[in-house]
Amino acid sequence: MIYCINPDCKQRQNPENLECCQTCGTSLLIHERYRLLEPLRPLDPRTYTDIFEVDDGGTRRVIKVLKDSSPQLVEGFEREALTLELLAHPGIPKVDLDGYFTFTPSNSTRELHCLVMEKIEGQNLEQWLGKEGPIPSQSLALNWLRQLIEILEQVHKSGFFHRDIKPFNIILKPDGQLVLIDFGSVREMTHTYLAKLKGGLDITAIISGGYTPQEQVDGRALPQSDFYALGRTFVHLLTGKHPSDFPRNPDTGKLIWQDKARHISKPLADFIDDLMAILPADRPQTTAAILRYLTPKRLLIKSAQRFLNSREFKLFAVGFLSMGIASAVSYWVSLPLQAEAIAAQGRKNLMDGDFNRARKKFEQAVSINPKDAVSRSDLGLVCKLQKEFECALAQYQQALKLEPDEVTRATIHYNLGVLHEDRREFDAALKEYQIAMQEKGDIGDDATNNFARLQIWRKFNYSLAIDSILKVLDRTENPRLRATLYKNLGWALLQQGDCRLAEKYLREAIRLDKENRAAPHCLLAKVLQDNDKMLAPASWKKCRDSNSENLPEVEIWQLDARRYLNAQVKKR
């Protein structure tokens, strides 16, 4: 059977061989490609939307159909479509650029707004909880929490927040990947929106009982509202009880739930409480801050700090004070904290361009905690910036031996690639970039971009470069990276002789670039030199005067620009 999309149709089920609904006459082929196979939730005239599984030429997808055309609902539906088109992450359903459209059934004035998206295989976490019971281990809880924060990082950095996080809206795929769904409540963080908040104007509230913070109930949701809902979601997943079923501490307002989740550490449970703080200002402020916390090292340090402040430790310390054991334990536990604080100072010095001071801080941090791969990697970066390549290479290699986490490891391989480039060891650089490309985040994307650039410049493998660039363009919304990717795409196409497409992508690179980088102007000048000599001089001037980023190929192009412009002066 296939279904009619018309919500007013009296009999929506039809035999598969029909082209039009046998009851109302509406076409059963929607937008000339989609056939509705079955509803994914009961068809209810009281709901604003219907959701169906559809066939798209042999591929199963999901279509969400808005039945109410009131301006407020249409605006939210369009915002959901735009959000999903912009976001590129394995934890977010994909929507093609033509996935949003309108459709009018036969003999009807009702306009239906339709959104077709990727069909996510798996079960939502509410279903999972009903079958499996509470999350059984801290390692799985941390895995899921990190996954969801990484998804939210993509959402928040793209200028949106979700506003309806709960177990029902999270799907667990068979491969273990979590996917956040139902972006119908998403809100864009525009200046207008923030001004409304500051001005005290109410904005439509989205409420899911037990998961929604008070500021959102009041119509004043913030990005930190997502963290509250995420904390409440994990209370449910860790205990098997709905957040509304727990009593509150009368003094603090906090849920009293931790005694029902004794299989997770106290520091992690306390952190979940921090996510659910009553006031948004008392919650973590960014996804980056949460990810920095959610590492085994940070949790170990927090656990150690809690032990040092506990009654048990104080009794232990009194008993052994004469032997100096308490002070020795306290000093040993505090070492990672000391090293981290010193390394943080070094990173600030590094950002300020004070390489000498940064190097001293990183050297001090490494001497206190020799097993800190991140500080060793940062020390290697300072050495590279100071042109001490052997020092940089040694620190990077030692950091890799410490078996760092995936992101740190990818960062080190990326930095090794840059180091080898500086030494004109291009084959070695390509190998390091290829390793870093395995990371699925920003570092992997940057490594792919550099890999493609070297394929163009040194290996003349333009097709491989183009394929690599297009894959990253398909998944990143980072404007700076997209500008560089479009530059490299234009460069590869120019080398292949496709000047029309090369010009298109180079102009897009220039439009996106906010850092006055020379490369796209230099390449555009080369295109115009052959196709529009009247416009070429302006691009050559921008090539000459803009930032080369110390890239050797760009410095060569800038030399070409000076020669060209000097020749033009002589002609006059």
Side-chain angles (χ1 to χ4, degrees), residues 1-70 73-85 87 91-127 162 164 166-174 179-186:
M1 303 294 289
I2 57 174
Y3 279 75
C4 175
I5 196 172
N6 183 2
D8 297 322
C9 183
K10 302 302 182 183
Q11 174 54 264
R12 301 179 70 175
Q13 287 182 288
N14 290 271
E16 293 183 5
N17 61 332
L18 296 184
E19 294 184 1
C20 295
C21 176
Q22 59 189 352
T23 303
C24 71
T26 296
S27 173
L28 296 174
L29 186 64
I30 309 303
H31 206 51
E32 300 183 352
R33 60 187 288 188
Y34 305 112
R35 292 169 70 84
L36 279 57
L37 301 179
E38 61 175 323
L40 295 179
R41 68 183 183 198
L43 297 175
D44 186 341
R46 296 169 297 179
T47 61
Y48 293 129
T49 58
D50 288 337
I51 301 177
F52 289 90
E53 181 176 345
V54 300
D55 177 72
D56 178 15
T59 300
R60 297 296 176 93
R61 301 189 189 279
V62 171
I63 189 170
K64 188 174 183 179
V65 182
L66 178 64
K67 300 179 288 185
D68 189 315
S69 58
S70 63
L73 290 172
V74 170
E75 179 189 355
F77 200 76
E78 290 175 342
R79 191 185 305 117
E80 178 179 13
L82 174 64
T83 305
L84 293 176
E85 286 175 6
L87 299 177
I92 299 171
K94 295 182 179 66
V95 168
D96 295 334
L97 292 177
D98 61 350
Y100 174 75
F101 56 90
T102 59
F103 181 87
T104 302
S106 296
N107 304 314
S108 173
T109 58
R110 185 198 290 244
E111 184 178 51
L112 304 175
H113 292 257
C114 304
L115 178 60
V116 178
M117 65 192 81
E118 174 188 12
K119 183 178 188 295
I120 307 298
E121 300 293 344
Q123 56 186 334
N124 68 53
L125 292 189
E126 191 172 284
Q127 296 168 326
H162 189 275
D164 199 17
K166 54 189 177 184
F168 185 82
N169 284 341
I170 303 166
I171 293 180
L172 174 63
K173 295 174 65 175
V179 180
L180 184 60
I181 62 169
D182 197 353
F183 281 72
S185 304
V186 73

Exercise. Where do Leu29 and Arg35 land on the side-chain contact (heavy atoms from CB on, under 4.5 Å) test, with the steps shown first?
Worked result: CA-CA 5 Å; Leu29 186 64; Arg35 292 169 70 84; 3.8 Å; yes

For this session: Could you grab the distance from atom NE2 of His31 to atom OG1 of Thr102, nearest 0.5 Å is fine?
Result: 8.5 Å

For this session: With sequence neighbours excluded, tell me which residues meet side-chain hydrogen bond (donor to acceptor under 3.5 Å, both in side chains) with Arg60.
Result: Glu53

Exercise. Which atom names give the shortest non-hydrogen contact between Val62 and Leu40, and what distance separates them?
Worked result: CG2-CD1, 3.8 Å

Exercise. Under the side chain to side chain contact (heavy atoms under 4.5 Å, CB included) test, which residues partner Thr104, sequence neighbours left out?
Worked result: Glu111

Problem set entry | Set of side chain to side chain contact (heavy atoms under 4.5 Å, CB included) partners for Arg12, sequence neighbours left out | Tyr3, Cys4, Pro7, Cys9, Leu43, Asp50, Phe52

Problem set entry | Asn107 atom CG, over 12 foreign heavy atoms within 6.0 Å | no

Problem set entry | Between CD1 on residue Ile170 and CD on residue Gln127, distance to nearest 0.5 Å | 12.5 Å

Exercise. Mind checking what makes side-chain hydrogen bond (donor to acceptor under 3.5 Å, both in side chains) contact with Lys173, not counting sequence neighbours?
Worked result: none

Exercise. Under the side-chain contact (heavy atoms from CB on, under 4.5 Å) criterion, do Glu118 and Ile120 qualify, and how do the steps go?
Worked result: CA-CA 6 Å; Glu118 174 188 12; Ile120 307 298; 3.6 Å; yes

For this session: Give, for atom CG of Leu115 and atom CD of Glu78, the distance between the pair rounded to the nearest 0.5 Å.
Result: 11.0 Å

Problem set entry | Atom of Gln13, atom of Gln11 and distance for their closest heavy-atom approach | N-OE1, 3.2 Å

Exercise. With distance as the sole test, does Arg110 use its side chain to make a donor-acceptor pair with the main-chain N or O of Asn6 at under 3.5 Å?
Worked result: no

For this session: Just jot down the side-chain hydrogen bond (donor to acceptor under 3.5 Å, both in side chains) partners of Thr26, sequence neighbours excluded, or say none.
Result: none

For this session: Working to the nearest 0.5 Å, report the span between SG of Cys20 and CG of Asn14.
Result: 9.5 Å

Seminar exercise, completed: Taken to the nearest 0.5 Å, the spacing of Lys10 NZ from Thr23 OG1 works out to 10.5 Å

Problem set entry | Nearest atoms (heavy-atom pairs only) where Phe101 meets Ile30 | CE1-CG2, 3.8 Å

Seminar exercise, completed: Distance col, row Lys67:NZ vs Asp8:CG, nearest 0.5 angstrom, shows 9.0 Å

Exercise. Phe103 and Ser27: which non-hydrogen atoms are nearest, and at how many Å?
Worked result: CZ-O, 4.3 Å

Exercise. side-chain hydrogen bond (donor to acceptor under 3.5 Å, both in side chains) with Arg61: which residues, sequence neighbours excluded?
Worked result: Asp56

Exercise. Which atom pair, heavy atoms only, marks the closest approach of Leu28 to Ile2?
Worked result: CD1-CD1, 3.5 Å

